[in-house]
2 protein chains.
Amino acid sequence: MKQHFSSVWTRESRPAKSTTLSRDQIVRAAMELLDAEGLDALSMRRLGARLGSGATSIYWHVANKDELLELVMDEVFSKVALPAPDVTGWRDAASVFAYGLRAALFDHPWSAALIGTRPSIGPNAMELSARLLRTFSLAGFEGMALDYASSTLMAYVLGATTPEIAWRAAMAGAELNDEGLMAGVKSVVDRAAADHPELAERYAEYDGMDPDIARKLNFDFGLTCILDGLQARLGR
Amino acid sequence: MKQHFSSVWTRESRPAKSTTLSRDQIVRAAMELLDAEGLDALSMRRLGARLGSGATSIYWHVANKDELLELVMDEVFSKVALPAPDVTGWRDAASVFAYGLRAALFDHPWSAALIGTRPSIGPNAMELSARLLRTFSLAGFEGMALDYASSTLMAYVLGATTPEIAWRAAMAGAELNDEGLMAGVKSVVDRAAADHPELAERYAEYDGMDPDIARKLNFDFGLTCILDGLQARLGR
DNA sequence: GAGTCTGTCGTACGCTGTGCGAGTGACATC
DNA sequence: GATGTCACTCGCACAGCGTACGACAGACTC
């Protein structure tokens, strides 16, 4: 039995005549719950309770939980700023985009687990990529290269950010100052270092460094590296 | 209540004296189940059944389902080839790595959903990144830049591949030849195009193109772009 | 007053991860 | 041979999950 391709964006939202519940409210409440307690904490029952209504009432406004997640995920993309490139120059605009997307994902860490799960084709995601295309278009990219350039940048930001989020989540609760809590991390790292002298050398350089700053430097390196690579393609 | 950082890699595997069940067997069976039926199909009961044993027997060899997923995920990284850079030159080695990782992820599409979930610190992941470091080291990168360079490449591959996998999964069952099945995709795309003329122009260029080939071209563009950016950094 | 449409919700089904404790067989020690 | 200890398996049970279904209430139309 073949399945049709289907997604929330394929259907219209229910007309919002309802007084007590609406798709917007549901999405907003889901976002709050996700931000506060993470992906596992979002259940239809808990969400219903937070909205002061029955769990199954939600299903009038949303087909199923997957679609709800699609809606919430798209909301994340709405929070990414992207300045007009004719004001700032395309490199600055692209940088602001990259840092903005990174920040938006950090603000909603549960999104890291959803990215690999469904394509981002909601209106906000579309709007964002259209603006990114415009940026690169004004920069001088044309034809396929225009598309390629913007998805290269997008890919880098996603691929750099999601593992960062995974790290942060794994460390949640463990604090740097408390040696006992970090012992687990250290033992994993030590084991790796023991087998691979190259890794040991690398880790040594990070000693005593704030991991957030280290990650930011890392991100910035890759970003300017990509922008350089793109720029080289502009002169043909 | 604070939580300790903990992971499978922190503990030793149970000594493999067991005749009927072993960690390796469990991981292998889990991988088969995941490949055949996807992430949702993996339940401890189904896995137990496939192994011809009770569901809860698994818990003697693996602390919980999360750890099992960590183990299976690490197995994916073991399948990535990386040629010695002194034979092929660092750019070729890096390309082979990138395509190899991409292929490994494609072979196990469920991995896309796990990448944002937990840091990849298993022995195979470590081994792979150590080899990548060696590659860039021989290329001439030093200090922090060595680390940055390899994680930039890693980030790009992950970020480019996971959305591709998400797309493929969403299209599963829908075939290009069958217009009816693709109608859903088309309506989403059309809606986006209506709101954003830039997007419409882009989509038009892909018309009639094999999407797999289009994606490969896209991937290749970004990859050479990054390698160029990295190379520019080599001459200081 | 009757009928229809919109929206809510209680109940129920089949499924999940996993804690617990009972059970089994191999081996060591007396 | 009896007893004890360990490595391992597994049935049961619990709390929770997503969601199909049908009953129900209120508003609006004829």
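Naming: A, B, ... by sequence-line order, numbering from 1 per chain.
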Could you state the atom-to-atom distance from [atom1] of [X] to [atom2] of [N] in whole Å?
{"X": "Ile58(A)", "N": "dA20(D)", "atom1": "CD1", "atom2": "C1'", "value": "15 Å"}
{"X": "Arg23(B)", "N": "dC8(D)", "atom1": "CZ", "atom2": "P", "value": "12 Å"}
{"X": "Leu21(A)", "N": "dC9(C)", "atom1": "CG", "atom2": "P", "value": "8 Å"}
{"X": "Asp40(B)", "N": "dG18(D)", "atom1": "CG", "atom2": "P", "value": "12 Å"}
{"X": "Tyr59(A)", "N": "dC17(D)", "atom1": "OH", "atom2": "P", "value": "11 Å"}
{"X": "Arg46(A)", "N": "dC17(D)", "atom1": "CZ", "atom2": "P", "value": "8 Å"}
{"X": "Met44(B)", "N": "dC12(D)", "atom1": "CE", "atom2": "C1'", "value": "17 Å"}
{"X": "Glu37(A)", "N": "dC17(D)", "atom1": "CD", "atom2": "P", "value": "11 Å"}

message: Does Arg45(A) contact dG16(D) through a side-chain donor or acceptor facing the base, at a distance under 3.5 Å?
response: no

- request: Look at the rings of Tyr156(B) and Phe219(B) and say which category their plane angle falls in: under 30° parallel, 30 to 60° tilted, over 60° perpendicular.
  value: parallel

- prompt: When you check the side-chain N and O atoms of Asp40(B) and Trp110(B), is any donor under 3.5 Å from an acceptor?
  reply: no

message: Measuring from atom CZ of Arg131(B) to atom CG of Leu82(B), what distance do you get when rounded to the nearest 0.5 angstrom?
response: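 With rounding to 0.5 Å, CZ (Arg131(B)) is 5.5 Å from CG (Leu82(B)).
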
task: Quick one: pull up OG in Ser22(A) and CH2 in Trp60(A) and give me the separation to the nearest 0.5 Å.
output: 14.5 Å

Quick one: label [X] by what it contacts on the DNA or RNA (base, sugar-phosphate, nothing), any heavy atom closer than 4.0 Å.
{"X": "Leu42(B)", "value": "sugar-phosphate"}
{"X": "Leu47(B)", "value": "nothing"}
{"X": "Ser57(B)", "value": "base"}
{"X": "Thr56(A)", "value": "base"}

message: Treating Asp74(B) as the side-chain partner and Ala125(B) as the backbone partner, does any N or O pair qualify as donor plus acceptor under 3.5 Å?
response: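 A pair under 3.5 Å: yes.
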
query: Are His61(A) and dT8(C) close enough that a side-chain N or O sits under 4.0 Å from OP1 or OP2?
result: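 For dT8(C), OP1/OP2 do have a side-chain N/O of His61(A) under 4.0 Å.
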
message: Looking at Trp60(A), I'd like to know whether one of its side-chain N or O atoms comes within less than 4.0 Å of OP1 or OP2 on dT8(C).
response: no

- prompt: Of all the choices, dT19(D), dC9(C), dG17(C), which nucleotide is nearest to the side chain of Ser53(A) once you look at every atom?
  reply: dC9(C)

